[in-house]
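Read the structure below first, then the notes.
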Amino acid sequence: MNYLANHATVLLCMVVYLGLIITLGWYLQRQSAKTVGEYYLANRRIPGWVVSLAFFSTFISTNTYIGQAGESFRYGLSWTWVGLFWAIFCVVSWMILGPRMRNQSIRLKSFTVPDYFQLRYQSPLSRSIRVLSAFIILFATIWYMTGIAKGIAHLLQSVLDVPYIYGAGFMLFFTCFYTISGGMYGIMWTDAVQGILMFAVALLMLALPFVYVGGYDVLMAKLAYVDHVSKKGTPIGSGLVNFGQLTSFLYIAGIGLSVGMKQISEPKLLIRFYTVKDRKGMKFAMTWTPIFMGVSLVCVMGLGALVHAMVTTEEAAYLVNNTDEVVGFMLKKFNSPLVSGICLMGLFAAGMAALASVTLVVGTTLVKDIWNVWRPMPVERIIPRTKLVMLLYCVLVYYFTLFPPAGVVELSAFAGSVYVASFLPTIFGGLYFRWGTDLGSVASMVTGIVVNIIWRFGVRPNYESLADVHEVFPAFIASFVVYIIASYLTANRKPSEEHLSVVFGTEQLASQSSG
Amino acid sequence: MDFLTAFPYWAILVIMIVNAIAVQFMKIDVQDEEKEKEPTK
């Protein structure tokens, strides 16, 4: 009874939020999932504002609201540079990839990113590209989902005193349940609602440290010089507000690029382009997605640094080594059940939106790009099997969440780096380079993942001078160079001109000009 | 707060505004699904 009395307001907010999601999911489920096209892509009939909010809420997960926000507790306001990289790649993603990816996916009748690779690089080897890319997705996604579940579990522990193992399990399986129910249609609309909530909560969370200490001037005066210590045990002093004192720009750029470039290489985000309904929707999403993203990043990326003004020296010494707990700690310190409840709703939304999208990508990848390629199945079995593998994958992620190999930021950045290095050359080359070949694609994917693993586990831990050089730099450069060289050396494997005309839509232009 | 620490806050806002203006002037080509082609074999 004591527990209920102490947490009544927060629990009520959570019940309202989860009830809303279940109701929405139930309503949307009745309108979708009749065919594979509907379940996987919502029949490409989603309005631009929904896609825009869904893209935002999918990319900005708890990894951002909890992990990155908390990281600035350790590295100061300079950490907002990471957000700048992300904002740049959000614009690049919608400008460079959005319309072109949507058009090519329609022309090729592509349902998933791996099947886009197969259809685009048409050759005897292209089926292998599809399966290889599917395995890369499964490998990278585990770390990403683990990071999200870990972040939410810590939050539930801080705010609601829910033991870590129960919080992680609840988060994963509740999201899995409504993803299974709604398919892409349900996820897109639910993500949009969650995006609105997340946007509001980002603004609210930014206000908390200012309100707590009594205004902007007081807060900035406190941050100008603090007597807390850094992770290495050295005094932070004025490091929170002075560039590069608490970490190197190289490290900031590594995290900024590896996570930010996911917007131009990660399937759960690229698949959003497939679903845009029309030109008007595309224009809306191209305009507003960077705005949703940018404002939220301005609010949360430096939030942890502001929390220094709310904590004692002893509390700071603990938090600097446990940055995933900073946001939860801030809510607890603010001590307003209503504010905690509202923020928890937004943070839950951030985690669930990203988890749902990525869970669906895993399901579609496992069934359509691996299982169905290995052993073709009747079409009526595709959706039930997709649902089953989503559940099994969540069980696997739950295991890793109980024994996480790293913090939220590092897990997310590693997953991002794998996507960037393995997929970006193949995607970009597929969309823009007629001379890209299947062997160029395979070679770059293999190079990307191998360099990632070697650099992450072999080089960074063993060479101190290279510890801040994130794996995304060598892995991406190597995979892009390999794509170019291998495509050049295997130019005879280029798809036929007829096929490339379909891919690039040039046969339409030819017929229009001759007409 | 020094200039380089404050820079990303302003830069993000500028990027949002410049992007919004640029998109209004862009010619965006989005294909209708009705016109879609048969997949190549």
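Sequence lines set the chain letters: A, B, ... in the order given, protein chains first and strands last, and positions in each chain run from 1.
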**Item:** Under 3.5 Å donor-acceptor, H499(A) side chain and L119(A) backbone
**Value:** yes
**Request:** Please confirm whether the backbone N or O of Y9(B) pairs with a side-chain atom of T80(A), one donor and one acceptor, at under 3.5 Å?
**Result:** no
**Item:** Contacts of residues 85-101 of chain A with chain B (heavy atom under 4.5 Å)
**Value:** A87(A), I88(A), V91(A), M95(A), P99(A)
**Request:** Under 4.5 Å, counting heavy-atom pairs only, tell me which of W81(A), W79(A), W288(A) racks up the most with chain B.
**Result:** W81(A)
**Prompt:** Who pairs with N19(B) by side chain to side chain donor-acceptor pair (under 3.5 Å), at least two apart in sequence or on another chain?
**Reply:** none
**Asked** Considering only heavy atoms, which portion of M220(A) lies under 4.5 Å from any heavy atom of chain B: side chain, backbone, both, or neither?
**Response** side chain
**Request:** Select one option (side chain, backbone, both, neither) describing which atoms of F3(B) are under 4.5 Å from chain A's heavy atoms.
**Result:** neither
**Prompt:** With a 4.5 angstrom heavy-atom cut-off, which part of V82(A) approaches chain B: side chain, backbone, both or neither?
**Reply:** neither
**Request:** Applying ring-ring contact (aromatic ring centres under 6.0 Å, His included), run through Y75(A) and Y251(A) and close with a yes or a no.
**Result:** CA-CA 10 Å; Y75(A) 298 130; Y251(A) 183 70; 5.7 Å; yes
**Request:** Please check if the side chain of S52(A) supplies one atom and the backbone of W49(A) the other of a donor-acceptor pair under 3.5 Å.
**Result:** no
**Request:** Could you check which of G281(A), G76(A), G294(A) has the highest count of heavy-atom pairs closer than 4.5 Å to chain B?
**Result:** G294(A)
**Asked** Is the CZ atom of F249(A) crowded by more than 12 outside heavy atoms at less than 6.0 Å?
**Response** yes
**Message:** Please check this pair: side chain of H308(A) against backbone of F73(A), looking for a donor-acceptor N/O pair closer than 3.5 Å.
**Reply:** yes
**Prompt:** Got a donor-acceptor contact below 3.5 angstrom from the R120(A) side chain to the V503(A) backbone?
**Reply:** no
